[in-house]
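We use all heavy atoms of the structure for the numbers below, so side chains are in, but hydrogens, waters and symmetry mates are not. Lettering of chains follows the sequences in order, A, B, ..., and the numbering in each one begins at 1.
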Amino acid sequence: MSLLEVEKIHTYYGDSHILFDVSLHVEEGELVALLGRNGSGKTTTMKTLMGVLKPRAGTIRFAGKPIAGLPAYEVARRGVQLVPDERRIVPSITVEENLKLAALTAPQAWTLGRIYELFPRLEQRRRNMGRALSGGEQQMLAIARALIRDARLILLDEPFEGLAPIIVQNLIATTKLLAEQGRTIVIVEQNVRAALALAHRCYILSKGHVIYDGTPQALQREPELMHRYLGV
Amino acid sequence: MNWHLLIAQLLNGLALGSILALVALGLTITFGLLGLVNFAHGVFFMVGAYAGLVTFERTNSFALALLAGALVVLALGIVVERVLIRLFYRRPPEDQILVTFGLAIVIVEIVRAIFGGKTQLFPMPPWGMGATNLGFLVYPNYRLQVIVIAAITLTAIYLVLYKTRLGLIVRAGIDDSLIVNILGIDVTKTLLAVFVIGAMVAGFSGVIDAPIVAVDPDMGASVLVESFVVVVIGGLGSFTGSIAGGIIAGEIISITTIWAPDYAQVMLYLAMALVLILRPQGLFGTEGRL
């Protein structure tokens with residue numbers, strides 16, 4: 001049984017049909033990349049998995065139980081955690097309060113100490129307001145919020161977007177570390193090279209359809225596919 | 001003009017301002033967290049004053065009157081939220097304004113039917129009578145006590161907002177309720193608590209203010225309007241903004257009253273207009289909300 005099983009979901013934004021018959025699965029301990037051009041439905045998929053958007057049809061099973069249609073807070077309590085592309089750090093509470101807020105409903109929350117060990121920069125900034133953080137610090141905090149909840153499945157939506165190369169290198173190393181420790185991760189990333197270097201397996205989305213499922217190695221042997229759907 | 005009068009009016013402004021701050025806090029937090037424009041908030045103030053009046057006449061205890069004002073409005077707040085307001089959280093603001101405005105009319109008329117429309121004096125509690133000689137000025141005790149009671153209440157609200165789990169969720173929810181949900185917290189569970197605490201504080205403030213202004217069924221209306229001005233000046237959803245805005249509004253009204261009582265309200269709206277032009281998000285508000 002896969003940790004996450006998505007079967008034939010259809011998601012709409014108001015009246016516009018965004019996801020068509022999307023099926024995918026993620027195994028425990030796997031790092032899966034969702035690739036595709038802008039507007040292909042990657043973020044919509046992530047939001048649907050989190051329960052922020054409700055699919056009109058199809059099923060989503062997490063750890064064997066159906067979660068499609070559950071509110072986001074319920075999905076989060078079961079161990080799925082979206083790290084949204086806008087990061088959404090709460091601006092007028094401190095870094096530490098952002099972490100405490102995230103830990104409130106986690107059954108087995110990490111200690112702050114464990115978070116600060118992984119992200120020493122957040123400890124230095126712990127009394128600063130969320131709005132005072134740089135982009136890289138915000139992204140660290142966004143990932144740290146998922147970790148302090150000890151989420152079984154982390155959904156990273158464009159974690160490297162708009163960050164300086166040195167910070168991206170750091171975040172890639174952190175992501176790799178988490179994957180090596182056996183954490184299950186789905187990553188959406190425009191930076192195809194980085195995503196392929198990290199992922200065990202990848203999907204390509206195009207206009208709301210899944211059009212590819214395979215390993216990064218297999219995908220790299222298909223330059224025509226990479227060019228047409230990923231622009232590389 | 002002598003400066004004793006000016007200082008007396010400054011203190012009056014502080015007393016008025018602290019009451020406005022208390023009422024505005026309920027408004028600004030319900031608005032910030034729920035997006036709810038509550039035109040019935042002034043009614044909580046008025047019902048609190050009547051509950052206090054009835055209790056004070058029977059028991060002669062101002063402490064019991066304060067308790068009654070808070071508890072009666074707490075109960076009213078629970079009923080109103082569960083039966084009516086709850087259904088309007090996701091409706092557009094114009095629906096919320098209509099329903100809360102209508103609710104206010106209904107409650108005001110019920111109170112008028114029971115107690116009559118006449119203004120009733122709320123007797124000053126015995127400890128509030130008399131005046132204190134500040135050396136340069138003899139100032140009524142009760143208004144000084146109002147300032148102290150309001151300061152204690154504001155401190156209590158501060159502790160709830162900044163030192164408790166509920167407070168953390170409320171502050172975060174005012175900024176971004178979606179991410180709070182994504183982090184596993186059902187924000188709607190806090191809505192009742194927030195609405196009811198806001199109502200209770202308004203009811204309590206009604207009792208505190210009653211010995212100064214006397215009690216009538218329409219007393220909530222002007223307080224409501226002034227509290228909205230406080231919210232605009234201070235910034236939506238901001239604790240500090242409510243206090244600063246309350247004191248600024250209280251002082252503007254008091255100081256203008258020295259020279260031109262008729263223009264006190266005009267000056268208040270001028271100040272609001274000025275804030276809206278120079279800093280539309282309010283003195284302590286965050287940009288880009290709404």
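- We find the CG-CD1 distance between Asp176(B) and Ile93(A) to be 10.0 Å, quoted to the nearest 0.5 Å.
- Scanning residues 74-81 of chain B against chain A with a 4.5 Å non-hydrogen threshold yields no residues.
- Side-chain atoms of Arg77(A) come within 3.5 Å of backbone N or O of Gly184(B) as a donor-acceptor pair.
- When the candidates Leu82(A), Val80(A), Leu104(A) are compared by the number of heavy-atom contacts under 4.5 Å with chain B, Leu104(A) comes out ahead.
- Heavy-atom neighbours of Glu7(A) CD from other residues, nucleotides or ligands within 6.0 Å: at or below the threshold of 12.
- Residue Glu97(A) touches chain B through both its backbone and its side chain, counting heavy-atom pairs closer than 4.5 Å.
- Side-chain atoms of Tyr73(A) and Asn181(B) include no donor-acceptor pair closer than 3.5 Å.
- Comparing Ala76(A), Pro91(A), Ala103(A) by how many heavy-atom pairs each has under 4.5 Å with chain B, the most go to Pro91(A).
- For a residue to count as touching a neighbouring chain, one of its non-hydrogen atoms must lie under 4.5 Å from one of that chain's; by this rule Pro84(A) touches chain B with the side chain only.
- Put simply, of Leu178(B), Ile182(B), Ile169(B), the one with the most heavy-atom pairs under 4.5 Å next to chain A is Ile182(B).
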Q: Give the intermediate values and the outcome of side-chain contact (heavy atoms from CB on, under 4.5 Å) for residues Thr105(A) and Leu183(B).
A: CA-CA 8 Å; Thr105(A) 60; Leu183(B) 292 171; over 6 Å; no
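- By the 6.0 Å contact criterion, CD on Gln108(A) is open, its count of non-hydrogen atoms from other residues, nucleotides or ligands being 12 or less.
- No more than 12 heavy-atom neighbours from other residues, nucleotides or ligands sit within 6.0 angstrom of CE on Met267(B).
- More than 12 heavy atoms of other shown residues, nucleotides or ligands fall within 6.0 angstrom of atom NZ in Lys54(A).
- Shown here is Phe101(B), whose CZ atom has no more than 12 heavy atoms of other residues, nucleotides or ligands within 6.0 Å.
- Listed in order of number, the residues of residues 143-152 of chain A that approach chain B to under 4.5 Å between heavy atoms are Arg145(A), Arg149(A).
- Here the OG1-CZ distance, from Thr94(A) to Arg171(B), works out to 7.5 Å after rounding to the nearest 0.5 Å.
- For a residue to count as touching a neighbouring chain, one of its non-hydrogen atoms must lie under 4.5 Å from one of that chain's; by this rule Arg131(A) touches chain B with the side chain only.
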